[in-house]
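We're numbering straight along the sequence, starting at 1.
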Amino acid sequence: MSIQQTEALAAAIHELGYDSVDAFALEKAKEALRNEIGIYQQEVTEFENKYEMNFQSFLEKFDSIIKFGLFEKEDDEIEWKACLKAIELVESKLKTLED
């Protein structure tokens with residue numbers, strides 16, 4: 001990035017109400033992480049709606065769910081669990097930035 005670009009960037013960020021490039025970057029990073037959590041949460045909600053229960057109940061009732069086939073349930077379990085883990089990891093990153 002050239003000196004002119006760096007100066008223009010700093011000026012634009014200041015005009016947007018941020019004290020520094022770091023403050024701007026921090027806010028945008030937190031915004032991106034919140035969006036990422038929202039995407040994973042939407043997937044979790046879709047699974048909860050599909051099975052009409054939360055993940056823990058799904059695990060407890062797995063064998064008695066007959067509306068869906070075994071392979072579909074297994075695939076959903078893997079993806080659902082991954083989404084929940086991703087939310088946990090991203091929330092941890094967000095918490096670090098917010099502290």
Practice task
Give the intermediate values and the outcome of side chain to side chain contact (heavy atoms under 4.5 Å, CB included) for residues Tyr51 and Asp76.
Solution key: CA-CA 10 Å; Tyr51 290 98; Asp76 287 349; 2.5 Å; yes

Can you see which heavy atom on [X] is nearest to which on [Y], and at what distance?
{"X": "Ala10", "Y": "Val21", "result": "CA-CG2, 4.4 Å"}
{"X": "Phe55", "Y": "Glu77", "result": "CE1-O, 3.8 Å"}
{"X": "Leu84", "Y": "Val44", "result": "CD2-CG2, 3.8 Å"}

Check for me, please, whether [X] and [Y] land in the same ILVMFWY cluster - side-chain distances under 4.5 Å, paths through other members count.
{"X": "Ile3", "Y": "Leu9", "result": "no"}
{"X": "Phe47", "Y": "Ile39", "result": "no"}
{"X": "Phe24", "Y": "Leu97", "result": "no"}

Under the side-chain contact (heavy atoms from CB on, under 4.5 Å) rule, collect the residues that match up with [X], sequence neighbours excluded.
{"X": "Glu98", "value": "Lys30, Arg34, Leu94"}
{"X": "Lys93", "value": "Leu33"}
{"X": "Leu89", "value": "Lys85"}
{"X": "Leu70", "value": "Phe62, Glu74"}

Practice task
State, yes or no, whether a side-chain contact exists between Glu48 and Phe58 at a heavy-atom distance under 4.5 Å.
Solution key: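 They are not in contact (no side-chain heavy atoms under 4.5 Å apart), so the answer is no.
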
Listed partners of [X] passing side-chain hydrogen bond (donor to acceptor under 3.5 Å, both in side chains), at least two apart:
{"X": "Glu60", "result": "Gln56"}
{"X": "Asp99", "result": "Lys95"}
{"X": "Thr45", "result": "none"}
{"X": "Glu72", "result": "Lys50"}

Practice task
Could you tell me which residues satisfy salt bridge (Lys or Arg N to Asp or Glu O under 4.0 Å) with Glu31, sequence neighbours excluded, listed by chain and number?
Solution key: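 Salt bridge (Lys or Arg N to Asp or Glu O under 4.0 Å) check on Glu31 returns Lys28.
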
Handout entry: Point-to-point distance, once rounded to the nearest 0.5 Å, from NZ of Lys73 to CD1 of Ile78
Key =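 It comes to 13.5 Å.
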
Determine whether more than 12 heavy atoms belonging to other residues, nucleotides or ligands lie under 6.0 Å from atom [atom1] of [X].
{"X": "Tyr40", "atom1": "OH", "answer": "no"}
{"X": "Gln4", "atom1": "CD", "answer": "no"}
{"X": "Ile66", "atom1": "CD1", "answer": "no"}

Practice task
Not counting sequence neighbours, list each pair that qualifies as a side-chain hydrogen bond (donor to acceptor under 3.5 Å, both in side chains) and has a residue in residues 12-27.
Solution key: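 Qualifying pairs, neighbours excluded: none.
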
